[in-house]
Each structure stands twice: as structure tokens, then as C-alpha cells.
There are 2 protein chains.
Amino acid sequence: MTAIPWLTQLQENGYRLTGARRAVVETVQQATHALTPLQVFDLARKKYPALGLVSVYRTLEKLEELHLIQRVHQPQGCQAFISAGSGHQHLLLCQNCGQVEFFEGDDLEALTSVISQRTGYQIKEHWLQLFGLCRNCQ
Amino acid sequence: MTAIPWLTQLQENGYRLTGARRAVVETVQQATHALTPLQVFDLARKKYPALGLVSVYRTLEKLEELHLIQRVHQPQGCQAFISAGSGHQHLLLCQNCGQVEFFEGDDLEALTSVISQRTGYQIKEHWLQLFGLCRNCQ
DNA sequence: TTTGATATTGAAAATCAATTTCAATAAGCG
DNA sequence: CGCTTATTGAAATTGATTTTCAATATCAAA
Ligand SMILES: [Mn+2]
Ligand SMILES: [Mn+2]
Ligand SMILES: [Zn+2]
Ligand SMILES: [Zn+2]
């Protein structure tokens, strides 16, 4: 998959296409691990050496706003981002190497209706994240 | 429920009982909402005016280490803490007022075994959090 | 193409939360 | 009551993120 759809989306939302943005977008889109802003900076600078860290923050902000990336919450920190899956998806993270996989097909209907009844809450959303070891790391 | 069991646990683990600790423990234990260190500070200072913010951080650290509190991850930030349920429990958060409820009895066995097979991951843990509106906020 | 309005840039400064340092104090044991 | 030492709050420091700003680059319009 190429970086074009993301760049197009940025453009369609009134943002200009620049070297800094191209480098950040390509970097994040290619990643199979969640990346912190600093990691994005280090990787993207190889493609575009003039890049400033500030532009990484600014671009990540826009990508998140367009739902092209999502923040990854982990016990050791919540500053990393990964390309967002399309549709309703959840994350599976390798506790050893940090690799990220998406999965879907969870059915929490039965659970949420029980909880809803038990607590009186009207349930709107859920966060589900699995942690484990990828094939390589087992 | 009183603050004594937590204070006892601190003492049993070699920590001394001080005014600062009592104030923080009471504050966090009584809360029905997740509290940030600064919120704990403001509340606990009413009980113990000499309290320093540093001691809040230090006490929260120890309570988390003893699994008496847990960090709450939310879209708007991940710095808040809530009294930890006992046993395997999950959180249900009110998106409007921030009230926290615990629930248990989720069974993700079927799901995780499918995902495990599909991805090759050995699944070790899961995070599940529900968001919704409490009775008052509906 | 050229032009011009303005979005975007990176550097530097500022902010903010969290951590470390440190000398004074207080907990808890004998 | 004393003594050891864990704990304290203030202040300094760190580290991440945000803001400010003048220079520059994008891109639509001429
Ligand atoms: Mn789901
Ligand atoms: Mn569970
Ligand atoms: Zn792995
Ligand atoms: Zn509510």
C-alpha cells in the first residue's frame, strides 16, 4: 500500500502537501510497530533530513484527527501511534517485540447487555486490546 | 469501607504511616471517579494542608506497586488513577461525568482462541474497557 | 508562468507534568 | 526517651509537548 491515499486525504481537508508531511506519512504508514513521535522523527529524517520534530507532532495531530492513525495505549506508555485499521478493529500487541496486529469479529453484545442491565449504564463504546507473543517471540 | 486495610498494607510492606500518606489514601479510596495526581493533591490538601504534590506522586506510585490502585486510560488522557477492584475486573466509565464502575464475568475465551489461531500469537492478557452513560447522565 | 495570499516550516522559547536532589523532620524501634 | 533512617516539602532539573515567530514553500488565481 502506498502513501497516496493519506496524502490525498490531507489535501482534501485543506492541508498542503509538503516534504515534511510526506516523510512522516510514509514512515507511519509503513510501520508494523507503534511509533512514538521521536521514533517517527528519527525514521522520517532519513527520508527528509531538514525535518523538524515539531512538524512530526503537527502531522501526527492531523492524521489522528482524520482517523488515519490511532494512539496505542500500553502499560509502559501511551505516546505511540499506529496506522488505524479501517472499520471496527482492535489491536493485538506483542509484549516482546511490540509488533501490532489488527483483529475484528469480536462480539461483545451478550456481555454488554448483561453489564448494561446490571449497572444501569447505557453502553456506547468499548476498548479491547489483546497482549501476547507473536510467532517469532514465543 | 475505611482506609485502614490500605494503610496496613503499606505498613506491612515496610512503609511508614504519615499524614501525607493517610490523606492521599483516604482521598483515592473514597473516590468514585478516576483522579489525576493534581486532583488528588487538591482534595487531599483539605485533609492535610502541609501536603506536597511530590508526596502525592510518591504515594500513588506505591499504591500502584501494591496493586491497590490502577491507572485509567481514556481518550482525553491516561494520568488518572482509581482504586483497583479485587480479582479480574474491568472498568465501565461514564463518558459524561467520569464515574467509574467495575464489572467482571467477561468471557473472552472463545474470541482469544480464534484470534490466537488466526494470527499465531500466544495471547497472555487483555484489556477491556466499556464507555457509556451512567443512569444519572442518560 | 508569474504573483500573491497564506499555510507550513524549523529554531528557539515557553510550558507542563513528572522526577530528582537535598537538608530538615518525623516514624517507629529498642 | 534516643537513634536510625524513611519520608517530607521546596526547589531544581528533566523531558516531552506546545507556542511563538520570522522565513519559506505551496498552490490557486491571474
Ligand atoms: Mn469491538
Ligand atoms: Mn477480562
Ligand atoms: Zn514479537
Ligand atoms: Zn455519568
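Letters go in sequence order (proteins before strands), and every chain restarts at 1. Heavy-atom basis, side chains included; hydrogens, waters and symmetry copies ignored.
- Of the possible polar contacts, one joining the A/Thr112 side chain to the A/Leu108 backbone as a donor-acceptor pair under 3.5 Å is found.
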If you apply the rule side chain to side chain contact (heavy atoms under 4.5 Å, CB included), what do you find for A/Val100 with A/Leu92, and how did you get there?
CA-CA 6 Å; A/Val100 177; A/Leu92 169 55; over 6 Å; no

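- Within a 6.0 Å radius of CD in A/Gln76, more than 12 heavy atoms belonging to other residues, nucleotides or ligands are found.
- Residue B/Leu53 is classed as having no contact, given no heavy-atom separation below 4.0 Å to the nucleic acid.
- Pairing each heavy atom of A/Ala31 with each of A/Leu35, the nearest pair is CB-CD1, 3.6 Å.
- Under the 30°/60° scheme for interplanar angles, the aromatic rings of B/His73 and A/His73 are found to stand perpendicular.
- Ring orientation note: the planes of B/His126 and B/His88 are nearly perpendicular, at an angle over 60° on the 30°/60° scale.
- When only modelled atom types and interatomic distance are considered, B/Gln129 and A/Glu125 share no side-chain donor-acceptor pair under 3.5 Å.
- Pairs of residues two or more places apart, or lying in two chains, never qualify as salt bridge (charged side-chain N to carboxylate O under 4.0 Å, His left out) while including a residue from residues 61-72 of chain B.
- Heavy-atom distances under 4.0 Å link DNA chain D to B/Tyr48, B/Ala50 of residues 34-50 of chain B, given in residue order.
- Note: CZ (B/Arg21) to C1' (D/dT8) measures 9 Å, nearest angstrom.
- By the neighbour-count criterion of 12 heavy atoms within 6.0 Å, atom NZ of B/Lys124 is sparsely surrounded, having that number or fewer from other residues, nucleotides or ligands.
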Could you walk me through whether A/Glu101 and A/Leu91 pass the side chain to side chain contact (heavy atoms under 4.5 Å, CB included) check?
CA-CA 6 Å; A/Glu101 297 265 349; A/Leu91 295 179; over 6 Å; no

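- In the helix from C/dT1-D/dA30 to C/dG30-D/dC1, the terminal helix axes, each the rotation mapping four pairs' C1' atoms onto the next four within five end pairs, subtend 40°, rounded to 10°.
- Every residue was checked against the salt bridge (charged side-chain N to carboxylate O under 4.0 Å, His left out) condition with A/Arg58, not counting sequence neighbours, and none meets it.
- Near DNA chain C, meaning a heavy atom under 4.0 Å from it, residues 57-84 of chain A has A/Arg58 in order of number.
- In this structure, the side chain of A/Gln39 engages the main chain of A/Thr36 through a donor-acceptor pair within 3.5 Å.
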Just by protein heavy atoms under 4.0 Å, how would nucleotides 22-30 of chain D read 5' to 3' in B, S and -?
---BBS---

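- At distances below 3.5 Å, not a single donor-acceptor pair connects side-chain atoms of A/Thr59 with backbone N or O atoms of A/Val56.
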